[in-house]
*Asks:* 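I have a structure here, written as structure tokens, and I will follow up with some questions on it.
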Amino acid sequence: MHPRFEDTILYYMQLSKNYTPSDTEGKWNDHWEKQRYFNSRPDGRPSFTVVIPPPNVTGVLHMGHTLNETVQDILIRNARMRGYNACWVPGSDHASIATEARVVGMLKEKGIEKSQLTRPEFMKYAYEWKDKYGGIIYDQIRRLGCSVDWERVAFTMDADYYASVIKVFVSLYEQGLIYRGARMIHWDPQAKTALSDEEVEYRDEQGRLYYVDYAIVDKSGRPTGRKVTIATQRPETIMGDTAICVNPSDPRYTDLSGLFAVVPLVHRQIPIIFDEYVDPAFGTGALKVTPAHDINDYNLGLKHGLPIIDTLNEDGTLSPAAGVFIGMERFAARNAVIKQLKVEGLINKEEDHLTRLGYSQRTHAVVEPRISTQWFVRMKALAQPALKAVTEGYIHIHPGDKFMATYKYWLENVEDWCISRQLWWGQQIPAWYAPDGTFRVAATRDEAYRLFSAPDGSRPPFGAGQLRQDGDVLDTWFSSWLWPIEVFKGITNPGNADIRYYYPTSVLVTGQDIIFFWVARMIMAGLWYSPESLPMEKRIPFRHVYFTGMVRDKQGRKMSKSLGNSPDLLALIEKYGADAVRFGIMIASPAGNDLLFDEAALEQGRNFNNKLWNAMKLVKGWETRLAASGDPTPFPVRWFENRLREARATIEQLFAEFRLSEALKTLYSLIWDDFCSWYLEWVKPGFEQPVDAMVYRRTVGFFEQLMQLLHPFMPFISEEIYHLLADRPEGDDLCVKQFVTEGAADADILAEGQLLKDVITALRDARNKAQLKPKEQVDLYIQTGLKSTYEHIGPILCKQVNASGICMPDTLPGGTLTVVLGKDKFAMVTARILDDDKQKEEMRKELQYLKGFLESVNKKLSNERFVQNAKPEVVDLERKKKDDAEAKIKILEESLT
RNA sequence: GGGUCGUUAGCUCAGUUGGUUAGAGUACUACCUUGACAUGGUAGGGGUCACCGGUUCGAAUCCUGUACGACCCACCA
């Protein structure tokens with residue numbers, strides 16, 4: 001006996017008017033988990049594996065996550081119901097810089113500066129933060145109905161996971177793919193760390209261009225009276241200038257050869273250099289070169305052997321090397337420099353200038369180009385196979401190839417990846433420095449110490465305790481790129497049973513915004529760390545990538561905290577129910593398209609819940625008044641059986657193409673229109689009339705199948721209704737009920753059903769237009785060549801258009817409500833006199849339309865080239881259209897006279 | 001500057017290899033509350049498929065170009 005089924009009868013008697021999600025969702029979550037339906041272990045079935053894109057432990061889930069998790073759950077539940085061993089691994093990402101920035105902010109509010117804390121003290125706060133927000137995220141995932149295996153929760157800073165990251169670092173270093181060096185990198189002065197190129201976001205902004213005069217002197221420093229004006233947006237960097245550069249072909253400046261310029265404010269003498277790089281048309285055609293603070297200037301400096309003067313501290317204040325305004329914040333310093341230059345009369349012009357500024361993705365501080373010693377991954381070697389995996393079709397990207405070009409371009413032009421971060425929250429870089437500054441890379445201090453030994457085995461002249469570990473941590477993506485492997489311990493315990501069974505994962509569902517950060521790098525890592533003996537299709541981390549779009553608000557704006565347009569997921573679940581939230585977010589969300597989030601869609605989902613609930617109440621209500629079965633299978637049952645087969649095939653096809661919102665739309669229409677509006681109305685008995693027992697049994701069967709199809713999308717209500725429809729033995733839950741394959745649909749029966757629907761609609765329309773009240777009964781006469789068809793759909797037709805009965809005479813009675821559909825003509829005789837003129841008016845309109853239609857068809861058919869070139873079936877179709885239209889016109893014209 | 005994608009009903013979107021005078025949801029209009037559901041029922045109105053040109057018997061669909069929009073990439077101070 002099902003654990004809660006003893007209450008069913010009582011529960012049924014109390015069935016509420018509307019569906020109440022909060023009564024069922026917690027109950028089913030508990031039940032599914034207790035039955036361990038979501039827990040997966042390798043077995044003989046094929047695996048279907050999804051690893052969750054681990055949310056950052058920085059806060060709560062937003063609507064973008066909601067969309068991604070819903071898509072994943074639909075795929076996982078569908079697979080679970082189709083014979084796969086479905087495994088969905090949940091987890092979260094430590095999100096190094098993002099979390100550290102939030103923790104620092106939280107501490108600041110408490111009046112604690114990070115600089116006052118030791119590293120272990122800080123880590124303690126960070127772990128507390130992680131536990132708090134990780135818990136919130138997991139609760140949200142559960143409330144949404146996500147069928148993840150909670151025994152497989154992974155976190156990118158778990159001990160094993162940490163070890164895997166270190167192991168990968170060491171091995172890439174040993175393979176020469178990681179190096180340490182001084183390079184120009186992007187610096188976040190707020191977080192005081194280096195960033196990768198990908199972590200910088202650019203925004204167009206209105207800047208200002210200042211024209212500054214530099215005096216020209218000869219090589220012994222004597223004034224020449226000549227001056228050069230340069231244009232700059234960053235006057236605060238002039239103290240770092242080490243040259244002035246002009247284009248060698250620029251006639252305005254040829255005389256400057258061999259002369260020097262004097263840097264304003266600091267009065268340092270710098271050379272004039274010549275390089276094609278300078279565009280004579282921009283500004284004044286003269287460029288100040290500041291190698292420490294601009295990537296182009298850095299490259300110019302390298303080429304011309306210029307010194308580098310770093311005038312900024314790590315926090316963005318001016319360093320002693322600046323000589324003036326030391327310690328002043330960079331933007332304040334800019335204003336101070338401008339003011340001083342004006343005092344000295346050296347600024348002769350200012351103008352607005354559109355520019356692009358780089359911001360730190362996480363702290364939103366303006367980044368500084370900065371020369372700094374960091375760790376890098378050589379990307380070229382890793383990129384090659386990753387490119388091949390996608391271009392050669394081992395990994396399929398959905399939708400279509402929309403992102404292929406982007407992916408290809410990035411990999412073909414990829415730069416080395418700066419992976420060191422000057423932070424504490426993350427995996428600490430396993431490099432160990434001797435007192436003399438040399439280092440070795442190893443997973444442990446002892447191992448590193450051993451590496452310092454001379455080739456003859458003699459010990460180094462210092463103790464292991466004197467080794468100092470690199471203080472930096474690794475970029476968070478340097479750990480998450482291992483996610484699909486290490487959640488199955490594929491790096492810390494290679495070749496184990498899990499990794500062999502679950503890897504490669506089946507599909508990765510994620511936002512298109514992290515295609516470079518994560519998707520491309522996971523492919524690199526997957527290929528690099530899978531045994532080379534395996535074929536490509538076993539080394540890729542996933543077979544399909546499903547990109548979801550960005551969730552925006554109704555007005556198309558990005559969801560953000562500052563705009564306050566990002567709804568709270570739990571509040572939405574409270575208000576509409578988890579199924580309705582899932583429905584609402586999926587219904588208008590084709591892969592890769594941005595989704596304009598509108599609560600109206602959730603309302604539609606809630607209404608759909610209610611519709612299902614009431615249909616269940618209707619069907620359950622028949623249970624107590626069953627009559628013995630009469631006829632062979634009645635028409636509505638035969639029709640819906642085939643309609644269901646047809647829709648099932650469509651839905652399976654849409655799943656195969658990852659067109660999930662289309663599948664949901666198909667299902668929605670199947671349930672609401674075909675099942676509720678047509679089928680149930682056709683088989684519904686009159687008030688307090690008995691129901692054919694076989695019809696009841698078949699109807700319950702249909703309902704179950706519909707709930708099964710719906711289950712991946714709306715798991716809670718479908719499971720609830722499944723159990724309310726019948727008593728179920730232990731373990732018979734929709735959640736794990738396997739789909740059965742059925743035969744093909746019978747096209748003839750579907751066509752008859754369509755005819756019936758069309759006739760009903762046409763007759764109802766005529767009744768409406770004649771302003772007949774629903775209660776006014778008519779006598780129905782039909783003139784048709786399909787008498788046998790109308791004989792078996794007749795009773796339904798009568799009920800649906802409120803006719804007392806049907807006659808099929810050779811000629812129809814006059815003075816009636818007349819309807820023409822195809823080659824059939826219908827007449828409804830009413831108890832009262834109808835407005836004949838109005839009816840004729842309708843018929844004339846119809847006639848006019850038909851004549852236009854016929855004309856267009858005739859035009860085609862009289863075109864010889866059409867008849868010659870078009871496919872025969874197309875021509876036949878046109879001929880048929882012509883016949884039908886002519887027949888209908890004839891009937892209409894007869895009726896009018 | 002380079003690239004990708006998009007433009008179909010008031011709004012959000014389908015429209016499969018070119019072939020019924022273009023479909024759905026939502027919004028809108030009219031009518032309907034006695035028996036599943038007004039979070040509902042029945043029916044209806046609504047589109048020159050962004051624009052110009054081309055290919056074709058035939059174009060929302062294929063091709064040139066234009067306009068507008070979104071996104072990505074790029075070292076022009």
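Numbers restart at 1 for each chain; the letters A, B, ... are given by sequence-line order, proteins then strands.
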*Asks:* Under 4.0 Å between any heavy atoms, over every strand shown, what does A:Leu596 touch: base, sugar-phosphate, or nothing? Just pick one.
*Replies:*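 The answer is sugar-phosphate, as A:Leu596 gets under 4.0 Å only of primed atoms, P, OP1 or OP2.
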
*Asks:* Consider the side chain of A:Asp765, meaning its heavy atoms from C-beta on, and name the nucleotide among B:G44, B:G41, B:A14 that approaches it most closely.
*Replies:*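 That would be B:G44.
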
*Asks:* I'd like to know if A:Glu681 reaches the base of B:A36 with its side chain such that a donor and an acceptor end up less than 3.5 angstrom apart.
*Replies:*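 In this structure, the two groups form a donor-acceptor pair.
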
*Asks:* Give me the distance, rounded to whole Å, that separates B:G1 from B:A74 when you measure between the C1' atoms they each carry.
*Replies:*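 Nearest-Å result for B:G1 against B:A74 at atom C1': 8 Å.
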
*Asks:* OP1 or OP2 of B:A43 versus the side-chain N and O atoms of A:Thr761: is any pair under 4.0 Å?
*Replies:*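 True: A:Thr761 side-chain N/O within range (under 4.0 Å) of B:A43 OP1/OP2.
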
*Asks:* With a 3.5 Å cut-off and heavy atoms only, can you find an N or O donor on one side and an acceptor on the other between the side chain of A:Lys860 and the base of B:C57?
*Replies:*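 Answer no: no donor N or O sits under 3.5 Å from an acceptor.
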
*Asks:* Using only side-chain N and O atoms of A:Asn607, determine if any of them is under 4.0 Å from OP1 or OP2 of B:G40.
*Replies:*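 Answer is yes, contact under 4.0 Å.
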
*Asks:* Counting side-chain heavy atoms from C-beta on, which of B:G41, B:G44, B:A36 comes nearest to A:Ala615?
*Replies:*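 For A:Ala615, the side-chain atoms sit closest to B:A36.
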
*Asks:* Counting only Watson-Crick pairs (N1-N3 plus N6-O4 or O6-N4) and G-U wobbles (N1-O2, O6-N3), all under 3.5 Å, who is the partner of B:U7?
*Replies:*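 For B:U7, the partner nucleotide comes out as B:A67, under the 3.5 Å rule.
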
*Asks:* When the C1' atoms of B:C13 and B:U8 are considered, how many whole Å apart are they?
*Replies:*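 Straight-line distance between the two C1' atoms is 9 Å.
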
*Asks:* If the P atom of B:U21 is compared with that of B:A36, how far apart are they to the nearest Å?
*Replies:*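 B:U21 and B:A36 have their P atoms separated by 41 Å.
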
*Asks:* Rounded to the nearest Å, what distance is computed from the CD atom of residue A:Glu412 to the C1' atom of nucleotide B:C72?
*Replies:*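 Taking atom C1' of B:C72 as the reference, CD of A:Glu412 is at 15 Å.
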
*Asks:* Any donor-acceptor pair under 3.5 Å between the side chain of A:Asn18 and the base of B:U39?
*Replies:*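 Result: at least one qualifying N/O pair found.
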
*Asks:* Looking at every strand, decide which applies to A:Glu864 at a 4.0 Å heavy-atom threshold: base, sugar-phosphate, or nothing.
*Replies:*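 Counting heavy atoms under 4.0 Å across all strands, no contact is made by A:Glu864.
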
*Asks:* Using a 4.0 Å heavy-atom cut-off across all strands, classify A:Lys554 as base, sugar-phosphate, or nothing.
*Replies:*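 Nothing, no nucleic acid heavy atom in range.
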
*Asks:* With both distances under 3.5 angstrom, what nucleotide forms a Watson-Crick or G-U wobble pair with B:G1?
*Replies:*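 Answer to the pairing question: B:C73, which forms a Watson-Crick or G-U pair with B:G1.
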
*Asks:* Can you tell me if A:Trp672 touches the phosphate of B:G41, counting only side-chain N or O atoms and a distance under 4.0 Å to OP1 or OP2?
*Replies:*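 Yes, such a contact exists.
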
*Asks:* When you compare the side chain of A:Arg606 with that of A:Phe583, does any pair of heavy atoms fall below 4.5 Å?
*Replies:*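 No, side chains not in contact.
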
*Asks:* Find the partner of B:A38: check Watson-Crick (N1-N3 plus N6-O4 or O6-N4) and G-U wobble (N1-O2, O6-N3) distances, both under 3.5 Å, and reply none if neither fits.
*Replies:*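 Paired with no nucleotide.
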
*Asks:* With a 3.5 Å limit on both atom pairs, tell me what B:A27 is paired to, counting Watson-Crick and G-U wobble, or say none.
*Replies:*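 Because no pair has both required distances under 3.5 Å, B:A27 counts as unpaired.
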
*Asks:* May I ask you to evaluate whether A:Lys881 reaches the phosphate of B:U21, defined as a side-chain N or O under 4.0 Å from OP1 or OP2?
*Replies:*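 For B:U21, OP1/OP2 do have a side-chain N/O of A:Lys881 under 4.0 Å.
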
*Asks:* Base, sugar-phosphate, or nothing for A:Tyr849, non-hydrogen atoms under 4.0 angstrom?
*Replies:*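 Base contact - A:Tyr849 has a heavy atom under 4.0 Å of at least one base atom.
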
*Asks:* Go through B:U4, B:A14, B:U39 for me and flag the one nearest to the A:Ala405 side chain.
*Replies:*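 Per side-chain heavy atoms of A:Ala405, the pick is B:U4.
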
*Asks:* To the side chain of A:Tyr668, which of B:G25, B:A14, B:A77 is closest?
*Replies:*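 Selected nucleotide: B:G25.
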
*Asks:* Ring of A:Phe687 versus six-membered ring of B:U34: centres under 5.5 Å and planes under 30°?
*Replies:*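 Ring-base stacking flag not set for A:Phe687 and B:U34.
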
*Asks:* Determine the contact category for A:Tyr409: base if any of its heavy atoms lies under 4.0 Å from a base atom, sugar-phosphate if only primed atoms, P, OP1 or OP2 are that close, otherwise nothing.
*Replies:*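 It contacts sugar-phosphate atoms only.
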
*Asks:* Scan A:Ser677 against the nucleic acid and name what it touches under 4.0 Å (heavy atoms): base, sugar-phosphate only, or nothing.
*Replies:*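 Sugar-phosphate, backbone atoms only, no base.
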
*Asks:* Tell me whether A:Glu873 at atom CD has more than 12 heavy atoms from other residues, nucleotides or ligands lying less than 6.0 Å away.
*Replies:*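 Enclosed: over 12 neighbouring heavy atoms sit under 6.0 Å from CD of A:Glu873.
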
*Asks:* Take the angle between the ring planes of A:Phe675 and A:Tyr679 and call it parallel below 30°, perpendicular above 60°, tilted in between.
*Replies:*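 Plane angle under 30°, so parallel.
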
*Asks:* Could you work out the separation of B:U17 and B:C63 based on their P atoms and round it to a whole Å?
*Replies:*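 Straight-line distance between the two P atoms is 12 Å.
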
*Asks:* Quick check for you: among B:A70, B:A36, B:C13, whose closest atom lies nearest to any side-chain atom of A:Leu618?
*Replies:*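 Given the options B:A70, B:A36, B:C13, the side chain of A:Leu618 is closest to B:A36.
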
*Asks:* Do you know which two heavy atoms are closest between A:Gly285 and A:Val278, and how far apart they sit?
*Replies:*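 Of all heavy-atom pairs spanning A:Gly285 and A:Val278, the closest is O-CG1, 3.4 Å.
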
*Asks:* Is there a side-chain contact between A:Arg208 and A:His353 (heavy atoms, below 4.5 Å)?
*Replies:*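 A:Arg208 does not reach A:His353 side chain to side chain.
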
*Asks:* Just compare B:C32, B:C57, B:A77 and give me whichever is closest to any side-chain atom of A:Asn863.
*Replies:*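 Of the candidates, B:C57 comes closest.
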
*Asks:* Regarding A:Arg203 and the six-membered ring of A:Tyr359, is the cationic atom NZ or CZ under 6.0 Å from the ring centre and inside 45° of its axis?
*Replies:*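 Yes, A:Arg203 lies over the aromatic ring of A:Tyr359.
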
